[in-house]
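Structure first, commentary second.
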Number of protein chains: 2
Amino acid sequence: MIQKKMSVAGRLWIEIDGNNFLGSGRIELLEKIETLGSLRKAAISMGLSYRKAYYAIRSVNELAPSPLVELKQGGKGGGCAKLTATGRKYMLAYHEIAQQFVIFLTKHSKAL
Amino acid sequence: MIQKKMSVAGRLWIEIDGNNFLGSGRIELLEKIETLGSLRKAAISMGLSYRKAYYAIRSVNELAPSPLVELKQGGKGGGCAKLTATGRKYMLAYHEIAQQFVIFLTKHSKAL
DNA sequence: AAACGTTATTCCCTTTGATGAATAACGCAG
DNA sequence: CTGCGTTATTCATCAAAGGGAATAACGTTT
């Protein structure tokens, strides 16, 4: 095979005041939190260390005008993590853009 | 200022067989090479170490079906670096896509 | 043959990021 | 009031990336 496979690739994220706010990894984390109801379980399910996941969520919550994830410690089950309405809103917004981005990349890959 | 400035940002590159081939940094390096005619000067002008620049060009040349940069050692001036026709071709192709990407990002930033 | 400035390559050190372990804090259930 | 599983935080360690320095190789020019 002489002809090599060439394609256009990229990464996409949302910034707030120039700081990284939401990329694909953090979005996936939000999804897992919604499904599992626990930050620890969400992290493990992604092969992520709890600490990294925790700092990610902390950063997200601090950057945003209002928190995307509500964390509770203690209580039934030891604690829990839940998406807020804001969190679901940004998740949808990101998905929308990401979908357009895939189309963009595919289109320009074919034109190479 | 309560309202924070939110925007969509991203990075774009061309892959060959899944390997990083050309991103914005390498493209800038190609431009400097065309302008300066020297890999060392190009690297320095970007605040890049010569070694990193050299490995980048080496990787680019090895991945591509034919070299993008022609390096010559010895001779008048000690040596030189020149873009090939293939190099100019890919530089233009990348610029085209990058320009569309800027439009894409701007459009979706406004929609946030 | 000597000089010159670049390409080509190796070595070591620093720095940065990531990781795992360990532990405290918390609040409901029983 | 004890147990439980989670959130919250600190610490030491390890791997990977990056940079500077040093040096060889090269071929034209003088």
(message) Rounded to whole Å, please give me the gap between CD1 in B/I44 and C1' in C/dT6.
(response) 11 Å

(message) Taking the minimum atom-to-atom distance to the side chain of A/S49, which one of D/dA8, C/dG20, C/dA8 wins?
(response) C/dG20

(message) Measure NZ/A/K41 against C1'/D/dC4 and give the value in whole Å, please.
(response) 12 Å

(request) Calculate, to the nearest 0.5 Å, the distance between atoms OH and CD belonging to A/Y94 and A/E28 respectively. (result) 10.5 Å

(message) Within the structure provided, determine whether B/Y54 and B/S49 are in side-chain contact (heavy-atom separation under 4.5 Å).
(response) no

(request) Take atom CZ of A/R11 as the centre, draw a 6.0 Å sphere, and report whether it contains more than 12 heavy atoms from other residues, nucleotides or ligands. (result) no

(request) Just compare D/dT10, C/dA18, C/dT9 and give me whichever is closest to any side-chain atom of A/K52. (result) C/dA18

(request) With rounding to the nearest 0.5 Å, note down the distance linking CE in B/M6 to CD1 in A/I16. (result) 4.0 Å

(request) Measure the CD1-CZ distance between B/I97 and B/F104 for me, rounded to the nearest 0.5 Å. (result) 14.0 Å

(message) Side chain of B/Y54, heavy atoms from C-beta onward: which of D/dT9, C/dA8, D/dT10 has the nearest atom to it?
(response) C/dA8

(request) Determine whether more than 12 heavy atoms belonging to other residues, nucleotides or ligands lie under 6.0 Å from atom CD of A/Q100. (result) yes

(message) Distance check needed: C/dG17 C1' versus A/L48 CG, whole Å only.
(response) 14 Å

(request) Determine, using ring centers only, whether A/F101 and B/F101 are less than 6.0 Å apart. (result) yes

(message) Nearest whole Å is fine: how far is D/dT9 P from A/I57 CD1?
(response) 15 Å

(request) When you get a sec, tell me which of D/dT10, C/dT6, C/dT10 is the closest nucleotide to the side chain of A/Y55? (result) D/dT10

Any protein N or O atoms within reach of nucleotides 14-16 of chain C? Criterion: under 3.5 Å, listing atom names and distances.
none

(message) To the nearest 0.5 Å, what is the distance between CG on A/L39 and NZ on A/K32?
(response) 13.5 Å

(message) Once rounded to the nearest 0.5 Å, what's the spacing between atom CG of A/L68 and atom CG of A/L22?
(response) 6.0 Å

(request) For DNA chain D, find the residues of residues 68-81 of chain B with a heavy-atom distance under 4.0 Å and give them by number; none if there aren't any. (result) B/Q73, B/G74, B/G75, B/K76

(request) Nearest whole angstrom, please: distance from the C1' of C/dA24 to the OH of A/Y50. (result) 12 Å

